[in-house]
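Structure first, commentary second.
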Amino acid sequence: MNNDSIKQQAIYLALTNIPEGRVISYGALASLAGLPNRARLVGRILSQLPKDTHLPWHRVVNAQGKLSFAKDSPHFALQKTLLESEGICFVGDKINLRTYSYSVTSHHCDSGRLD
DNA sequence: CAGCAGGCGGCAC
DNA sequence: AGTGCCGCCTGCT
C-alpha cells in the first residue's frame, strides 16, 4: 500500500462520482480527489487505465472544454463519440463547460445547471 | 479567440 | 543533480 496507489484510488473514486452526461476538468477532478494542483497526475493516471476499465475516463476534459488528444487520433474520436452518446453536445471541437461541467464552475447557487 | 510563458507535480533517462 | 516530457492550468498579450 504505497502512496501512489492511495492517490490513484482517490482519483478513481472521484471519477466514479461523475454522472453520465457531465464532464469535469483534470484540475477539478484532482481537487475533488483531495489533490489540488495535480492535474497532470490525473492525466498520467488516466493514461495508465486498463483498456477494459469501467471508469468513465471519457468524462474528463481539459479546462478549456477540449479533449486532450490530437484531433486525428483514435482516442479523440472515441472520447468524442462516448460523450455524444451521453447527450453532450460539441461546439466545434469544444464542450460548453458552463452547461456540462460537474462540480464547481457555478458562480452562485445552482449546482452547475444553466437552464 | 489564439499564442505564449510560467508554474505545478511526477517520472524516466 | 540536470533535463525533458506529460491526456494540465492560469494569466497575460
Side-chain angles (χ1 to χ4, degrees):
Chain A
M1 203 43 158
N2 55 43
N3 208 313
D4 291 332
S5 58
I6 294 291
K7 297 175 183 174
Q8 188 172 294
Q9 280 303 314
I11 291 171
Y12 288 168
L13 181 60
L15 188 51
T16 62
N17 285 305
I18 309 305
E20 197 176 301
R22 287 291 182 80
V23 298
I24 189 170
S25 72
Y26 293 88
L29 180 60
S31 295
L32 199 61
L35 303 168
N37 302 347
R38 303 292 188 285
R40 308 188 83 155
L41 176 62
V42 169
R44 216 185 93 72
I45 296 297
L46 294 187
S47 71
Q48 296 175 344
L49 282 174
K51 63 172 184 178
D52 59 353
T53 180
H54 62 284
L55 293 174
W57 59 271
H58 56 280
R59 293 177 195 151
V60 185
V61 301
N62 68 26
Q64 305 171 63
K66 294 194 283 191
L67 308 188
S68 293
F69 288 118
K71 288 196 291 290
D72 57 8
S73 71
H75 291 306
F76 183 96
L78 174 60
Q79 184 172 13
K80 185 174 181 181
T81 298
L82 288 171
L83 290 174
E84 290 180 327
S85 73
E86 295 188 352
I88 292 176
C89 175
F90 278 73
V91 179
D93 281 319
K94 288 183 281 186
I95 291 172
N96 185 325
L97 292 181
R98 262 240 293 197
T99 303
Y100 301 110
S101 179
Y102 170 63
S103 71
V104 228
T105 307
S106 43
H107 326 283
H108 31 105
C109 296
D110 58 29
S111 52
R113 290 291 308 298
L114 191 49
D115 291 340

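A, B, ... follow the sequence lines: proteins, then strands. Residue 1 opens every chain. As a basis for the values below, the full set of heavy atoms in this structure was taken, side chains included, without hydrogen atoms, waters or symmetry mates.
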ask   = Taking atom C1' of B:dG7 as reference, at what distance in whole Å does atom OH of A:Tyr26 sit?
value = 19 Å

ask   = Just wondering, do A:Lys7 and A:Ile45 contact through their side chains at under 4.5 Å, heavy atoms?
value = no

Non-hydrogen side-chain atoms of A:Val23 and A:Tyr102 separated by less than 4.5 Å = no

query = Which heavy-atom pair separates A:Gly21 from A:Glu86 by the least distance, and what is that distance?
reply = N-OE1, 3.0 Å

task = Please determine, for the side chain of A:Leu41, which listed nucleotide (C:dG7, B:dG10, C:dC9) has the closest atom?
result = B:dG10

task = May I ask you to verify if any side-chain N or O of A:Lys7 is less than 4.0 angstrom from the OP1 or OP2 atom of B:dG10?
result = yes

ask   = For atom C1', what is the distance between C:dT13 and B:dC1, given to the nearest Å?
value = 12 Å

inquiry  = Under 4.5 Å between side-chain heavy atoms, counting indirect links through other Ile/Leu/Val/Met/Phe/Trp/Tyr residues: same cluster for A:Leu49 and A:Leu29 or not?
reply    = yes

message = Going by purine N1 to pyrimidine N3 plus the second Watson-Crick contact, or the G-U wobble pair, all under 3.5 Å, which nucleotide sits opposite B:dC4?
response = C:dG11

request  = Considering only atom P, compute the distance from C:dG7 to B:dA2 and round it to an integer number of Å.
outcome  = 22 Å

message = Measuring only between side-chain heavy atoms, which start at C-beta, is A:Lys80 closer than 4.5 Å to A:His58?
response = no

query = Roughly, in whole Å, what's the span from CZ in A:Arg38 to C1' in C:dG7?
reply = 18 Å

query = What's the CD1-P distance between A:Ile24 and C:dC9, to the nearest Å?
reply = 11 Å

inquiry  = Side chain of A:Arg44, heavy atoms from C-beta onward: which of B:dC11, C:dC9, C:dG7 has the nearest atom to it?
reply    = B:dC11

message = Using atom C1' in both nucleotides, what's the gap between C:dC5 and B:dC8 to the nearest angstrom?
response = 14 Å

request  = Determine whether A:Leu78 and A:Phe69 make a side-chain contact, defined as any pair of heavy atoms from C-beta on separated by less than 4.5 Å.
outcome  = no

request  = Could you tell me whether A:Val61 contacts a base, only the sugar-phosphate backbone, or nothing, with contacts defined as non-hydrogen atoms closer than 4.0 Å?
outcome  = nothing

task = Calculate the interatomic distance between A:Phe69 atom CZ and C:dC6 atom P; express it in whole Å.
result = 13 Å

Integer-rounded Å distance: C:dC5 C1' and A:Gln48 CD = 14 Å

key: Protein-nucleotide distance (A:Gln64, atom CD; C:dG7, atom P), rounded to Å   = 16 Å

task = Report yes if a side-chain nitrogen or oxygen of A:Ser25 is closer than 4.0 Å to either non-bridging phosphate oxygen (OP1 or OP2) of C:dC8; otherwise report no.
result = no

ask   = What about A:Leu13 and A:Ile18, same hydrophobic cluster or not, with Ile/Leu/Val/Met/Phe/Trp/Tyr joined at side-chain heavy-atom distances under 4.5 Å?
value = no

ask   = Got a sec, which residues hit side chain to side chain donor-acceptor pair (under 3.5 Å) with A:Arg44, two or more places apart in sequence or on another chain?
value = none

task = Check DNA chain C against residues 73-83 of chain A and give the residues with a non-hydrogen atom under 4.0 Å, in numerical order.
result = none

ask   = Nearest-Å distance, NZ (A:Lys71) to C1' (B:dA2)?
value = 12 Å

message = What contact category does A:Lys66 fall into here, base, sugar-phosphate, or nothing, at under 4.0 angstrom with non-hydrogen atoms?
response = nothing

request  = In whole angstrom, give the distance that lies between atom CG of A:Asn37 and atom P of B:dG6.
outcome  = 19 Å

request  = Between A:Ala63 and A:Arg40, name the one whose nearest nucleotide on DNA chain C is closer to the 5' end.
outcome  = A:Arg40

